[in-house]
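Letters A, B, ... are given to chains in the order of the sequence lines, protein chains preceding strands, and every chain is numbered from 1.
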2 protein chains.
Amino acid sequence: MVMRAVAEYIGRSDLQPGDCLPAERVLMAELSVGRSTLREVIRHWQALGVVESRRGSGTYLLRRISPETMHLPLVVNTGGNGLLQMMEVRRGLEVEASALAAIRASAADLELIESKLLTMEAVFRENGCAGPEDLEFHLSIYDACGNPLFGQLLSQMRESVQTLFAMSRVRTDFASRSFPFHRELFEAIAAKDPDAARAKTLSILAIVEEDIKDMIT
Amino acid sequence: MVMRAVAEYIGRSDLQPGDCLPAERVLMAELSVGRSTLREVIRHWQALGVVESRRGSGTYLLRRISPETMHLPLVVNTGGNGLLQMMEVRRGLEVEASALAAIRASAADLELIESKLLTMEAVFRENGCAGPEDLEFHLSIYDACGNPLFGQLLSQMRESVQTLFAMSRVRTDFASRSFPFHRELFEAIAAKDPDAARAKTLSILAIVEEDIKDMIT
DNA sequence: ATCAGTAAATTGGTCTGACAACTTTAAGCT
DNA sequence: AGCTTAAAGTTGTCAGACCAATTTACTGAT
């Protein structure tokens, strides 16, 4: 019940990510609850990555929430197959997103995707790798699928995966073999062919999975 | 720091999911920390779905953890037509889980799935509907896919969906047309045919989506 | 002896007050 | 003006008390 109260408070107030929440004692008085209760609620959201507390400074908002926000905490063991398990989940989401994009992408969406593809190809030919540009390309596809949940879920999963193998040194040519498939994926979406989009996405992810397997051995 | 202490405590003690943790006042003394601090740590894990607290009874372990397990909470903002958007995400996950189950299900898994199917069919023939038994059937498939993340995500999504249209009166025959497809899905998994499993899962979810569309109009 | 009802003990939930640790800000001093 | 230092503000932790819900144990009637 207090959870909901604070969720409404954040949703109502126009706090942006990075902003500082009112001090505990202020919020406490404003919501007419004890400090322990408020602190427990804050800890709850801290655990969910919504808020971050810095001792002596304040607690800061990381992600906007509202009472309608859904939270899906995942417990994954870092030992060995955790990464591959994440990849399987990602595969399910990514394939569906590509198929939906093939069905629903507007002309403007296609134009945006193609521009991302072109810059990615250019950077790749120059550097031999194009991590951020690859991400941009895929993000534009998530946007084009017409369902914001895919973008939210997949970008967060990519973040976690990134941190998961940020510790281990990544080869510079990681998943570079998947490069040519990106154009084919775009063409499948542009042709409004969901089945082809599924297949091309699977090809890309298969290569990524192979490289992960090579890496963790 | 206290987090780690309690994580080690759980990892060291052989508590199984469903077991009851020591009372707060006991743990407090055992770890030499104040009660508020301990309660905040418990709230932290409550948020991550690791433990569940029942007032007057105790706090119970839901998932085994250790200091090596990683927690990555996903935060999703469901907007206006959140139900249909969630169904699309669920479709991607569920299809992948069914296909993986078809590939990896052991003989024991298949036996369990079939038993769930049989009780579900029996209850359905008697009552005309079988909500909890249907859930059990699908959960057994998630287990059989060999990747616990699918079970975590999908069961939590089902929870949210459940609460989302718990307010609106649900027809007793909701998604009852999907009933015959459940046996076909099981047979596809038993035949180790991932493509057929995909197709049957899509058939089931298509009916659910149709009924949702009818309902929210 | 069995069962029901009731009282007591147990447990999580909340409030209050206090102090420590740290950060930020502001004042003061050179 | 620049540096130092003090003060104010903030989160983190501890302690004790009480409330609400559940569980357990007891007591008494049948």
**Student:** Looking only at side-chain atoms of V33(B), point me to the closest of dC14(D), dG12(D), dT24(C).
**Tutor:**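 Among dC14(D), dG12(D), dT24(C), the one nearest the side chain of V33(B) is dC14(D).
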**Student:** How long is the line joining NE2 of H44(B) and P of dT13(D), in whole Å?
**Tutor:**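 That distance rounds to 12 Å.
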**Student:** Do the charged groups of R177(B) and E210(B) touch, with an N to O distance under 4.0 Å?
**Tutor:**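 Result for this pair is yes, salt bridge flagged.
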**Student:** Please give, in whole Å, the distance from dC15(C) P to L31(A) CG?
**Tutor:**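 Distance check: L31(A) CG to dC15(C) P gives 11 Å.
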**Student:** In whole Å, what is the span from the CG atom of L21(B) to the C1' atom of dG12(C)?
**Tutor:**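 Answer to the nearest Å: 13 Å.
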**Student:** Just by distance, do the side chain of T37(A) and the backbone of V33(A) share a donor-acceptor pair under 3.5 Å?
**Tutor:**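 No, T37(A) side chain to V33(A) backbone: no donor-acceptor pair under 3.5 Å.
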**Student:** Look at all strands and tell whether S36(A) reaches a base, only sugar-phosphate, or nothing, counting heavy atoms closer than 4.0 Å.
**Tutor:**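 Base contact.
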**Student:** Would you call Y60(A) and L15(A) a side-chain contact if the rule is heavy atoms closer than 4.5 Å?
**Tutor:**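 The answer is no, as the side chains (C-beta and beyond) never meet within the 4.5 Å cut-off.
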**Student:** Verify the contact: side-chain N or O of T37(B) to OP1 or OP2 of dC14(D), cut-off strictly under 4.0 Å; return yes or no.
**Tutor:**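 Result: yes.
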**Student:** Look at the side chain of R25(B) and the base of dG12(C), then say whether one donor and one acceptor between them are separated by less than 3.5 Å.
**Tutor:**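 Present.
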**Student:** Please state whether the phosphate of dG13(C), meaning OP1 or OP2, lies under 4.0 angstrom from any side-chain nitrogen or oxygen of R39(B).
**Tutor:**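 Checking R39(B) against dG13(C): at least one side-chain N or O falls below 4.0 Å of OP1 or OP2.
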**Student:** Taking it one step at a time, do F150(B) and Y142(B) satisfy ring-ring contact (aromatic ring centres under 6.0 Å, His included)?
**Tutor:** CA-CA 6 Å; F150(B) 284 98; Y142(B) 306 153; 8.2 Å; no
**Student:** Could a donor-acceptor pair under 3.5 angstrom be found where the side chain of R55(A) meets the base of dG9(D)?
**Tutor:**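 When only heavy-atom distances are counted, R55(A) does not reach the base of dG9(D) through any donor-acceptor pair under 3.5 Å.
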**Student:** Any idea how H182(A) and H138(A) line up, ring-wise: parallel (<30°), tilted (30 to 60°), or perpendicular (>60°)?
**Tutor:**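 The arrangement is perpendicular - the two ring planes meet at more than 60°.
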**Student:** Tell me the interatomic distance from M28(A), atom CE, to dC15(C), atom P, rounded to whole angstroms.
**Tutor:**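 Rounding to the nearest Å, CE of M28(A) and P of dC15(C) are 10 Å apart.
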**Student:** Calculate the interatomic distance between E24(A) atom CD and dT16(C) atom P; express it in whole Å.
**Tutor:**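 To the nearest whole Å, that distance equals 15 Å.
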**Student:** Without decimals, in angstroms, what is the distance between Y60(A) OH and dG9(D) P?
**Tutor:**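 Taking OH of Y60(A) and P of dG9(D), I get 16 Å after rounding.
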**Student:** Got a donor-acceptor pair under 3.5 Å from the side chain of R43(B) to the base of dG13(C)?
**Tutor:**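 Not at all, since no donor on one side and acceptor on the other fall under 3.5 Å apart.
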**Student:** Given that G56(A) and R35(A) both sit by DNA chain D, which one's nearest nucleotide is further toward the 5' end?
**Tutor:**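 This one resolves to G56(A).
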**Student:** Report the distance from atom CD of E52(A) to atom P of dT23(C), rounded to the nearest whole Å.
**Tutor:**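 About 13 Å, once rounded to whole Å.
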**Student:** Please report the distance, rounded to the nearest Å, between CG in L38(A) and P in dC15(C).
**Tutor:**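 Atom-to-atom, L38(A) to dC15(C), this comes out as 10 Å.
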